[in-house]
Novice: 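I am attaching a structure below and will ask some questions about it afterwards.
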Amino acid sequence: MTQHLHLLLIDPQHDFCDVPGAALPVPGADADLRRVAQLIRAGNARIDAITVTLDAHHRLDIAHPGFWQQADGSAVAPFTAITAAALRAGAYRPRLAAHAARALAYVQALEAGGRYTLMVWPVHCEIGSWGQTVHEAVRAAYNHWEETRQRSVAKVLKGANPWTEHYSAIAAEVPDPDDAATQTNQPLLARLGAAEQILVAGEASSHCVKASVAHLVEQIDPARLILLSDCMSPVTGFAAEADAFLQDMAARGARVCTSSALLAEWGA
């Protein structure tokens with residue numbers, strides 16, 4: 001099957017929506033995802049494939065508060081950045097002493113990668129929770145696309161390994177050599193590589209969208225990407241990172257536009 005247009009939708013999950021009950025709300029995400037749903041419905045005949053990525057975490061995770069404690073044994077608050085230097089100084093430590101060496105090795109490897117410092121996020125997208133599920137308008141839209149086009153939406157889960165952050169849908173930040181699920185997702189790259197153009201949307205532009213696209217353009221010409229700027233938003237406090245990401249991708253040849261502009265081109 002020729003794929004002219006493939007929609008890559010990153011983490012359109014309730015925990016990232018700015019709605020009551022969300023664990024890690026991204027301002028603007030609910031409206032972003034409603035625009036994605038509109039795009040899927042209006043562009044039903046034009047979209048040849050859809051891939052949805054989904055954060056899927058355990059409660060105990062190196063990037064969740066329950067893993068860590070401060071030097072005095074007190075809790076570590078969400079949105080705390082933990083550096084290797086802070087670990088070596090004893091400011092933070094895992095709740096289980098047996099995890100200390102591996103945790104330090106991970107944080108050092110993460111920092112060496114140059115993309116992120118370990119962030120302790122609120123528990124989010126816990127496997128089986130409401131927050132892990134797909135935004136209802138998006139799911140209704142892609143269910144309609146599946147039935148009318150007789151094609152299934154591909155789902156890609158990421159983040160179940162508690163020892164590494166997995167922002168990117170392509171690979172974990174620090175791949176675990178004993179866990180193939182953290183390595184480069186070659187089947188996903190192959191599916192995306194079959195498309196003439198790839199639409200990219202989802203949450204959050206400062207983290208999982210940014211990380212996924214950064215890995216993707218190592219394998220695929222950026223000129224094949226269309227980044228839907230009104231269908232993604234940054235985590236609070238990370239707007240500069242999101243803006244820099246979009247500017248960098250545009251400079252490298254990717255198209256950055258709004259879903260409304262694209263729909264107008266389609267006559268939808």
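These figures come from a predicted structure and were not determined experimentally.
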Novice: Regarding Thr148 and Asn44, do their side chains bring together a donor and an acceptor under 3.5 Å, going by distance alone?
Specialist: yes

Novice: Can you tell me how far SG of Cys17 sits from CG of Leu33, rounded to the nearest 0.5 angstrom?
Specialist: 5.0 Å

Novice: Please report the C-alpha distance between Arg115 and Glu173 in whole Å, then the side-chain angles of each, then the deciding distance to 0.1 Å, and finally whether the salt bridge (charged side-chain N to carboxylate O under 4.0 Å, His left out) criterion is met.
Specialist: CA-CA 8 Å; Arg115 284 159 47 107; Glu173 289 305 313; 3.0 Å; yes

Novice: Could you tell me whether Glu265 and Arg255 have a side-chain N and a carboxylate O separated by less than 4.0 Å?
Specialist: yes

Novice: Taking the six-membered ring for Trp and the full ring for Phe, Tyr or His, determine whether the centres of His124 and His64 are under 6.0 Å apart.
Specialist: yes

Novice: State the CG-CG distance between Asp18 and Leu24, to the nearest 0.5 angstrom.
Specialist: 11.5 Å

Novice: For residues His6 and Thr51, is any side-chain donor paired with an opposing acceptor at under 3.5 Å?
Specialist: yes

Novice: With distance as the sole test, does Ser212 use its side chain to make a donor-acceptor pair with the main-chain N or O of Val209 at under 3.5 Å?
Specialist: no

Novice: Is the NZ or CZ atom of Arg102 both under 6.0 Å from the centre of the six-membered ring of Trp163 and within 45° of that ring's axis?
Specialist: yes

Novice: Under a 4.0 Å N-O cut-off, is there an ion pair linking Glu136 with Arg34?
Specialist: yes

Novice: Regarding Arg35 and Asp32, does a basic nitrogen lie under 4.0 Å from an acidic carboxylate oxygen?
Specialist: yes

Novice: Mind checking whether His14 and His135 have parallel, tilted or perpendicular rings, split at 30° and 60°?
Specialist: parallel

Novice: Do any N or O atoms from the side chain of Asp55 and from the backbone of Cys125 form a donor-acceptor pair under 3.5 angstrom?
Specialist: no

